[in-house]
Protein chains: 2
Amino acid sequence: MWMSKKNCACNMNSVGHGITGSASVYMRRETEFTKKVKVILVDDNYDHLMGIRELINLETNFDVIATATNVNLAINLIKRYQPDIVLMDINMPEKDGLTAISEIEKLETGAKVIALTGYDDSDLIFRAMKIGAKGYILKTMASAQLIYAIEEVMQGKIYLPSGLSSRFFEYFQKTFKEENKTANASETLLQYLTQREEEVLELLTLGYNYKEVANKLFISDTTVKTHVNNIFQKLQVSDRTQAVLYAINNGFMNRKKLKIAI
Amino acid sequence: MWMSKKNCACNMNSVGHGITGSASVYMRRETEFTKKVKVILVDDNYDHLMGIRELINLETNFDVIATATNVNLAINLIKRYQPDIVLMDINMPEKDGLTAISEIEKLETGAKVIALTGYDDSDLIFRAMKIGAKGYILKTMASAQLIYAIEEVMQGKIYLPSGLSSRFFEYFQKTFKEENKTANASETLLQYLTQREEEVLELLTLGYNYKEVANKLFISDTTVKTHVNNIFQKLQVSDRTQAVLYAINNGFMNRKKLKIAI
DNA sequence: ATTTTTATTAATCTAAAGGTTTATTTATAA
DNA sequence: TTATAAATAAACCTTTAGATTAATAAAAAT
């Protein structure tokens, strides 16, 4: 099952360390009637914009169909020309780049956004990926990497260079560390709730009042009150809102999902 | 499968697309008095356990100091021997592997856990990384990859093979997609709240009742009620709990934080 | 300069929520 | 068999929450 080693050589490098495994750059098919990849560039620096355009247009299968120096223009261009790729500089002043990516994603034109920036800040990378960026590259990186990134993203992959990927994961795990402490903590008072009390709390967490809960569970509303009072005591809270807040802060709904899933 | 591409050598593979860029396998220093990396294996299948042990012990700088066929034993061994690496099979029956990883993380011994499993399920990968796994590899992968993963993780990196990394990001973005729609949406009804109403809602979201809110804002509780009723109308909800739920689901508190931060 | 609108304040009244006790039924453990 | 825990429900009572109306001051529009 585990192949012995020593046969690695080329193996080793290809084996892993990556988001994208296949080196598609070698597979480029320029022969077939492949439509050119439509690219739109967004950068507030005009010179920079032209520089990148030159670079990308060197590639015969890419076509920079438009450029924009501000976000609103970019949005309009994307709506009109339906590009495959949007290279988005996220250091732009007026409207910040992350918001821009969000708005482009909301258009749902299928345009794949690659963030292009000077900052390798963990939080920035994390937020960019969160809102749907398909890639994130630094301006300091080699031009070949930019081309490679576009090709990878065009294949439906996510492109994060090695170093940034590490940063992403560090930040990712840091972000979830606290959540795990509480959500996973066996010391949650939620564990003492009975099945029925959980059902009641779940409905409260969805915003129902006692009468509605009673109707949904086919029991009297006085019974609901009894359950709720027991919930208050067990969770050590004094009203419905606090109970709901406790439930949310202690991953009650996540836990519910897991119960169904597993 | 992803070691193909003939010419791989270093080129493309080194360009990035990865969590770990440097091919540390070529840099292994066995000359200096490097202490051996202490590894503990956890797998409910004894034969499998022995197989992996053999494999890892072939590496002169690794040392499998203990093995365990169940989680509780593993936890004790980790506490006692403080290993550098824990290779954790997450298909174990009694206590599931993810819970096990959580518990090991909670020990905070500094042991780096690598998940080892037969399933390349997106959700499983995501959850494993969330709770702090430093790597995730499939049993079907080449043995060399296992060794490589350990070396990378020992350098403080996160190791996710190419294919799994893609799955991870797909799942990651899918998970945050809904959150973005609401949290980023400028169409939130929260925007219509006045300053005072925001203050009231913020306190409600912290679990205070009307009297407490009144005291905190130095106004009468009947005034609080007025504000709250206006909030209800603006948010189109019918009680306090629903208002708080609306606030939370629409990133009210996040927005508050941003206001301070930015 | 004046109306108009908006934000903040507040009192009154009704409905709902919350606290306490008691009681019945059913399943489960000792 | 007898405790024990869970789910159900009612009666009683107190407090809080929610709806309605209205006064005041400041800002905006005419």
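It should be emphasised that the depicted structure is a prediction, and the values quoted were computed from it without experimental measurement.
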List in chain and number order the residues that pass salt bridge (charged side-chain N to carboxylate O under 4.0 Å, His left out) with [X], two or more places apart in sequence or in another chain; answer none if no residue qualifies.
X      : value
A:D121 : none
B:R167 : B:D120
B:D63  : none
B:R196 : B:E199

Inset, instruction - Measure from the side-chain N and O atoms of B:N209 to the backbone N and O of B:K211, and report whether any donor-acceptor pair falls under 3.5 Å. - result: yes
Legend entry - Near-strand residues of residues 215-225 of chain A, defined as heavy-atom separation under 4.0 angstrom from DNA chain D: A:I219, A:S220, A:T222, A:T223
Mind calculating the distance between [atom1] ([X]) and [atom2] ([N]) to the nearest angstrom?
X      : N      : atom1 : atom2 : value
B:E197 : C:dT9  : CD    : P     : 11 Å
A:L193 : D:dA6  : CG    : P     : 11 Å
B:Y210 : C:dA11 : OH    : C1'   : 17 Å
A:E198 : D:dA5  : CD    : C1'   : 16 Å
A:E212 : C:dA17 : CD    : C1'   : 14 Å
B:Y192 : C:dT6  : OH    : P     : 13 Å
B:F232 : D:dA19 : CZ    : P     : 6 Å
A:N229 : C:dT22 : CG    : P     : 16 Å

Inset, instruction - For A:V228 and for B:N230, locate the closest nucleotide of DNA chain C by heavy-atom distance; then report the residue assigned to the nucleotide nearer the 5' terminus. - result: B:N230
Check: residues 74-82 of chain B side-chain donor-acceptor pairs under 3.5 Å, at least two apart:
{"residue": "B:N76", "atom": "ND2", "partner": "B:N72", "partner atom": "O", "Å": "3.4"}
{"residue": "B:Q82", "atom": "NE2", "partner": "B:K79", "partner atom": "O", "Å": "3.2"}

May I ask you to test the [X]-[Y] pair for a side-chain heavy-atom distance under 4.5 Å?
X      : Y      : answer
B:H48  : B:D89  : no
B:E105 : B:V113 : yes
A:L41  : A:L116 : no
B:Q236 : B:Y246 : no

Inset, instruction - Under 4.0 Å from any atom of DNA chain C, heavy atoms only: list the residues of residues 233-247 of chain A that qualify, in numerical order. - result: A:S238, A:D239, A:R240
Can you give each donor-acceptor pair under 3.5 Å made by side-chain atoms of residues 237-244 of chain A, sequence neighbours left out, with the distance rounded to 0.1 Å?
{"residue": "A:S238", "atom": "OG", "partner": "A:Q242", "partner atom": "OE1", "Å": "3.2"}
{"residue": "A:D239", "atom": "OD1", "partner": "A:T241", "partner atom": "N", "Å": "3.2"}
{"residue": "A:D239", "atom": "OD1", "partner": "A:Q242", "partner atom": "N", "Å": "2.9"}
{"residue": "A:D239", "atom": "OD1", "partner": "B:R240", "partner atom": "NH2", "Å": "3.3"}
{"residue": "A:D239", "atom": "OD2", "partner": "B:R240", "partner atom": "NH2", "Å": "2.6"}
{"residue": "A:R240", "atom": "NH2", "partner": "B:D239", "partner atom": "OD1", "Å": "3.3"}
{"residue": "A:R240", "atom": "NH2", "partner": "B:D239", "partner atom": "OD2", "Å": "2.6"}
{"residue": "A:T241", "atom": "OG1", "partner": "B:T241", "partner atom": "OG1", "Å": "3.1"}
{"residue": "A:Q242", "atom": "OE1", "partner": "A:S238", "partner atom": "N", "Å": "3.0"}
{"residue": "A:Q242", "atom": "NE2", "partner": "B:G207", "partner atom": "O", "Å": "2.7"}

Inset, instruction - Would you mind listing every ring-ring contact (aromatic ring centres under 6.0 Å, His included) that reaches into residues 112-139 of chain B, with sequence neighbours excluded? - result: A:F172-B:F126, B:F126-B:F168, B:F126-B:Y171
Legend entry - Nucleotide nearest B:H227 (side chain, heavy atoms from C-beta), chosen from C:dT8, C:dA16, C:dG19: C:dT8
Inset, instruction - Could you please name the option among D:dT16, D:dT21, D:dA6 that lies closest to any side-chain atom of A:T194? - result: D:dA6
Report, one line per pair, each donor and acceptor closer than 3.5 Å where one atom sits in a side chain of residues 223-234 of chain A; sequence neighbours left out.
{"residue": "A:T226", "atom": "OG1", "partner": "A:T222", "partner atom": "O", "Å": "3.0"}
{"residue": "A:N229", "atom": "ND2", "partner": "A:K225", "partner atom": "O", "Å": "3.0"}
{"residue": "A:N230", "atom": "ND2", "partner": "A:T226", "partner atom": "O", "Å": "3.3"}
{"residue": "A:K234", "atom": "NZ", "partner": "A:Y192", "partner atom": "O", "Å": "3.0"}
{"residue": "A:K234", "atom": "NZ", "partner": "A:E197", "partner atom": "OE1", "Å": "2.8"}
{"residue": "A:K234", "atom": "NZ", "partner": "A:E197", "partner atom": "OE2", "Å": "3.4"}

Legend entry - Canonical and wobble pairing (Watson-Crick, G-U, under 3.5 Å) of DNA chain C, dot-bracket with |: |.||||||||||||||||.|||||||||||
Legend entry - Sidechain N-carboxylate O distance under 4.0 Å for B:D43, B:K139: yes
Inset, instruction - Using a 4.0 Å heavy-atom cut-off, write out nucleotides 23-30 of chain C from 5' to 3' as B (base contacted by protein), S (sugar-phosphate only) or - (no contact). - result: --------
